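Below you'll find the structure, written out as structure tokens, and then a few comments.
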Amino acid sequence: AYAELGHPYGYNPWLLSSIDAFRATPRLLVMGLNPAGSQDYPHHRGRYLYELTSGYFNQWHGSDWSRLQKQVHQMFRELQRRVGDDGELEPFARTRAVVGSLVPFRSPSESELHRREESLAFGRALWGDVLADWQPQAALTFGSLPFVELSKLLGHVVHESRFPSGWGKIQLT
């Protein structure tokens, strides 16, 4: 689909956590729209890339955690606290929450997602297959579009809360 749709900025695996997360209880899902960026990072690809470390716990650029990573780490700490897990944070994020992107194709912003409708259709089909066999008990999305799409795929919304992410206008839902 990446080549067929002609995405100019590369892609990441759709799953940013270990496959083991699908067996965890409670069943947690953390979903963003897509990987951000205005260039391709081929080293971010790989079929089993996130079996040993969560996508948000890799050093992306340089030696410091990015602002986004620090904020996502805080979100995982809160999620971990709420489910009563007192272990190490990175293994929790990697093996206790299914973490992924609705669309695996990179773009500089949501509005610049290349061939938006076709890309979203690909993401719906991908996650539709996943959610046919696995349903989260709780889900957290980054932004309103992943929330709307996930709600459609699940067929319902049980409870919705929105709060600032610290990333400009983007909200966590």
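Note that the structure is predicted; figures quoted are calculated from it, not measured.
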### Query
Given the rule in the side-chain contact (heavy atoms from CB on, under 4.5 Å) test, do Leu113 and His7 qualify, once you have shown the distances and angles that lead to the verdict?
CA-CA 9 Å; Leu113 179 59; His7 279 273; 4.2 Å; yes
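Under the 4.5 Å side-chain criterion, counting only non-hydrogen atoms from C-beta, Phe122 is in contact with Pro104. Residues Leu28 and Val83 meet the side-chain proximity criterion, which asks for heavy atoms closer than 4.5 Å. Two residues are said to be in side-chain contact when any heavy atoms from C-beta on lie closer than 4.5 Å; Phe147 and Glu160 meet this criterion. Side-chain contact between Asn34 and Tyr11 is absent, with no heavy-atom pair separated by less than 4.5 Å. Residues Pro136 and Val98 form no side-chain contact, since every pair of their non-hydrogen atoms from C-beta on lies 4.5 Å or further apart. The closest side-chain heavy-atom distance from Leu150 to Leu131 is below 4.5 Å. A heavy-atom distance below 4.5 Å is found between the side chains of Leu120 and Leu145. Counting only heavy atoms from C-beta outward, the side chains of Pro91 and Arg96 never approach each other to under 4.5 Å.
At least one donor-acceptor pair under 3.5 Å links the side chain of Arg106 to the backbone N or O of Ala36. No donor-acceptor pair closer than 3.5 Å links the side chain of Glu149 to the backbone N or O of Arg124. Looking only at distances, a side-chain donor or acceptor of Ser107 sits under 3.5 Å from a matching main-chain atom of Ser109. Judged purely by atom type and a 3.5 angstrom limit, Gln80 uses its side chain to pair as donor or acceptor with the backbone of Gly87. Under a 3.5 Å cut-off, the side chain of Thr95 and the backbone N or O of Asp20 do not form any donor-acceptor pair.
Within a 6.0 Å sphere centred on CD of Glu78, heavy atoms belonging to other residues, nucleotides or ligands number more than 12. Atom CG of Leu5 sits in a crowded spot, with more than 12 heavy atoms from other residues, nucleotides or ligands closer than 6.0 Å. Dense packing is recorded around CZ of Arg116, with more than 12 heavy atoms of other residues, nucleotides or ligands lying under 6.0 Å away.
Here Glu51 contributes atom CD and Ser18 contributes atom OG; the two are 3.5 Å apart, rounded to the nearest 0.5 Å.
Taking all atoms of both residues into account, the shortest heavy-atom contact from Met31 to Pro146 is O-CB, 4.2 Å.
Note on ring orientation: taking the six-membered ring where Trp is involved, the planes of Trp127 and Trp14 are perpendicular (angle over 60°, cut-offs 30° and 60°). A tilted orientation is assigned to the rings of Phe57 and Phe76, their planes being inclined by 30° to 60°.
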